[in-house]
Q: 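The structure's right below; bear with me while I get my questions together.
Here the structure is a predicted model, which means the values were calculated and not measured. Per chain, numbering begins at 1; letters A, B, ... match sequence-line order.
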Number of protein chains: 2
Amino acid sequence: MKETKSKYAVLGMLSINPMSGYDIKKRVGESISNFWSESYGQIYPILKRLVDEELVTKTVERQSGKPDRHVYALTERGRKELHRWLAEGAVPKVERNEFLLKLFFGEEISPTINIKHVEKYREIQLHLLEKYEMIKQEIENKHADDSNLPYWLMTLRYGQHVSQALLRWCDETLLTLNKIRKVGRKHGV
Amino acid sequence: MKETKSKYAVLGMLSINPMSGYDIKKRVGESISNFWSESYGQIYPILKRLVDEELVTKTVERQSGKPDRHVYALTERGRKELHRWLAEGAVPKVERNEFLLKLFFGEEISPTINIKHVEKYREIQLHLLEKYEMIKQEIENKHADDSNLPYWLMTLRYGQHVSQALLRWCDETLLTLNKIRKVGRKHGV
DNA sequence: TCAATATATATCTGAGTGATATATATTGAG
DNA sequence: CTCAATATATATCACTCAGATATATATTGA
């Protein structure tokens with residue numbers, strides 16, 4: 001099995017609690033959806049292979065009516081493998097940003113349309129900041145005594161710093177675009 | 001053909017200049033590599049399909065010795081299709097951030113290792129800021145009269161705002177991690 | 001002279017996303 | 001009460017995309 005990051009996302013989730021594939025998908029959505037995503041198409045095959053590698057164990061809980069719950073738990077080897085990966089440095093890779101791609105070719109269309117795009121992007125950052133603040137309140141209450149809390153807050157602060165910076169960038173960019181709109185009228189208003 | 005973003009990255013590049021698949025790959029690397037990437041595995045099949053759709057034309061330039069140059073140029077329809085896409089709003093999608101994923105599970109390993117990771121990340125932001133400043137000087141000289149310049153600078157400023165914010169986040173986070181290292185000694189120093 | 005680099009097209013494997021299929025229980029609006 | 005929506009739960013498929021590799025030649029510099 002390759003060093004796919006999904007493997008470690010799954011191991012990491014199981015390090016917090018034993019759970020099913022369905023739980024993992026849900027938990028990822030609740031806790032790390034601001035910087036990570038996993039699909040069933042990844043989770044289920046990975047869980048199978050993790051069992052083969054003896055990094056996790058599988059227990060089937062029968063439920064009346066509903067499908068069986070396949071609950072996966074980290075083994076000692078699984079935890080070691082997670083630690084090994086956590087200790088390795090991550091090489092950041094370029095994330096595709098469609099919004100910036102459009103702006104890069106922005107000269108092709110009218111400033112007015114570009115302004116609309118940036119304004120919408122600004123709105124998104126405002127909503128994100130509200131969301132982050134809500135999450136902060138929530139986890140500070142819910143996990144007050146959890147030793148994971150400081151780390152979870154760090155990832156949250158990351159998002160806050162970025163969104164605040166993007167808000168400033170939007171304001172700066174809107175000024176520039178408005179200047180362009182006033183002088184050149186190549187594409188009309 | 002689906003609405004794959006690679007299609008529009010290719011159309012966008014050709015809107016600046018007619019060029020070969022090889023040129024496109026190189027130009028993407030030179031101009032938008034901070035927020036976009038394209039592979040040959042995408043570029044060559046897409047160029048073929050763009051010709052079928054009559055969004056681009058293909059001209060073969062024979063060269064002695066070297067392989068033929070297949071030069072692609074945007075048609076009027078191609079430019080319209082690019083404009084149509086540029087006018088559409090982009091829905092931002094979550095970018096996976098491996099660094100944050102590791103930090104989220106940071107409690108599993110020693111603060112010392114996490115500190116090293118954040119310090120390295122801080123270094124990366126410093127290098128990025130240097131790089132952005134160099135690119136700024138370069139394109140302001142090279143494309144002083146190009147009407148694309150303001151848009152190119154906007155995407156550059158985006159990177160600068162983000163990296164500056166991340167630098168501040170790193171400093172804040174290092175303070176927190178050092179506090180954790182001092183109090184709890186669960187994993188040793 | 002020879003290695004490294006640049007020019008140039010093309011394909012393949014594997015990672016990852018999103019949609020879909022299948023099946024049942026619960027919950028709330030009308 | 002009924003029906004739609006939502007939640008629980010596992011699983012697969014099609015498609016996008018990245019990265020490596022194959023192939024072939026010209027130029028540049030140690």
Q: On DNA chain C, check which nucleotide each of B:K93 and B:V71 is closest to and give me the residue with the more 5' one.
A: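 The residue mapped nearer the 5' terminus is B:V71.
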Q: In whole angstroms, how far is the P atom of C:dA15 from the CG atom of B:L101?
A: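 After rounding, the reported distance stands at 17 Å.
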Q: Just how far, in rounded Å, is C1' of D:dA11 from CD1 of A:I43?
A: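 Rounding to the nearest Å, CD1 of A:I43 and C1' of D:dA11 are 12 Å apart.
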Q: If you link I, L, V, M, F, W and Y whenever their side-chain heavy atoms are under 4.5 Å apart, who else ends up in the same group as B:L175?
A: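 B:L175 clusters with nothing; isolated.
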Q: Tell me, which stems hold DNA chain D, with a stem being 3 or more Watson-Crick or G-U pairs in a row and both distances under 3.5 Å?
A: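 The stems that DNA chain D takes part in, listed by first number, are C:1-30 with D:1-30.
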Q: Could you check how far CZ of A:R49 sits from P of C:dG14, rounded to whole Å?
A: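 Nearest whole value for this atom pair: 11 Å.
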Q: Under 4.0 Å between a Lys/Arg side-chain N and an Asp/Glu carboxylate O for B:R84 and B:E81?
A: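 Between B:E81 and B:R84 there is a salt bridge, with a charged N closer than 4.0 Å to a carboxylate O.
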Q: For the pair made of CZ in B:R27 and C1' in C:dA6, what is the distance, rounded to whole Å?
A: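 Result: 16 Å.
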Q: Where the side chain of B:H117 meets the backbone of A:L86, is there a donor-acceptor pair that is under 3.5 Å apart?
A: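 Checked: pair present.
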Q: Please give me every residue in residues 18-26 of chain A whose heavy atoms get under 4.0 Å of an atom in DNA chain D, ordered by residue number.
A: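 Under 4.0 Å from DNA chain D: A:S20, A:G21, A:Y22, A:K26.
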Q: Do A:E53 and A:R49 meet the salt-bridge criterion of a basic N to acidic O distance under 4.0 Å?
A: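 No, this pair does not count.
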Q: Please determine, for the side chain of B:Y44, which listed nucleotide (C:dG16, D:dA9, C:dA8) has the closest atom?
A: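 Selected nucleotide (nearest to the side chain): C:dA8.
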Q: Grab the NZ-P distance between B:K5 and C:dT17 for me, whole Å please.
A: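 So the NZ-P distance, B:K5 to C:dT17, works out to 12 Å.
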Q: Of B:Y72 and B:R96, whose nearest nucleotide on DNA chain C comes first from the 5' end?
A: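 Comparing both residues, the 5'-ward one is B:Y72.
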Q: Is the closest basic N to carboxylate O distance between A:E38 and B:R96 below 4.0 Å?
A: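 Yes, this pair counts.
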Q: Show every ring pair (Phe, Tyr, Trp, His ring centres under 6.0 Å) that has at least one partner inside residues 20-43 of chain A, sequence neighbours left out.
A: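 Every pair satisfying ring pair (Phe, Tyr, Trp, His ring centres under 6.0 Å) with a residue in residues 20-43 of chain A: A:Y40-A:Y44.
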Q: Scan residues 30-42 of chain A against DNA chain C and write down, sorted by residue number, each residue with any heavy atom closer than 4.0 Å; if none is found, say none.
A: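 Output list: A:S37, A:S39, A:G41, A:Q42.
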Q: Rounded off to whole Å, could you give me the CZ-to-P distance for the B:R69 and C:dA10 pair?
A: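 Roughly 13 Å, once rounded to whole Å.
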Q: Side-chain contact test, heavy atoms from C-beta onward, threshold under 4.5 Å: evaluate it for A:L11 versus A:V56 and give yes or no.
A: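 When only atoms from C-beta onward are counted, A:V56 and A:L11 do touch, with a gap below 4.5 Å.
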Q: Before accepting this row, confirm whether a basic side-chain N of the pair A:E138/A:K131 lies closer than 4.0 Å to the acidic partner's carboxylate O.
A: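 Between A:K131 and A:E138 there is no salt bridge, as every charged N stays at least 4.0 Å from the carboxylate O atoms.
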Q: Using a 3.5 Å cut-off and no angle test, enumerate the donor-acceptor pairs between side-chain atoms of residues 148-155 of chain A and protein atoms at least two apart in sequence or in another chain.
A:
{"residue": "A:N148", "atom": "ND2", "partner": "A:D146", "partner atom": "OD1", "Å": "3.1"}
{"residue": "A:W152", "atom": "NE1", "partner": "B:F104", "partner atom": "O", "Å": "3.2"}
{"residue": "A:T155", "atom": "OG1", "partner": "A:W152", "partner atom": "O", "Å": "2.8"}

Q: Using atom CG of B:L47 as one end and atom P of C:dT11 as the other, report the distance to the nearest whole Å.
A: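 Between P of C:dT11 and CG of B:L47: 12 Å.
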Q: Should the pair A:R79-B:E108 be classified as a salt bridge under the 4.0 Å nitrogen-to-oxygen rule?
A: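 Looking at B:E108 together with A:R79, the answer is yes, because their closest N to O distance falls below 4.0 Å.
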Q: Think B:K48 has a side-chain N or O under 4.0 angstrom from the OP1 or OP2 of C:dT11?
A: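 For C:dT11, OP1/OP2 do have a side-chain N/O of B:K48 under 4.0 Å.
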Q: What are the two closest non-hydrogen atoms of B:E98 and A:W85, and how far apart are they?
A: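 In terms of heavy atoms, the two residues are closest at OE2-NE1, 3.4 Å.
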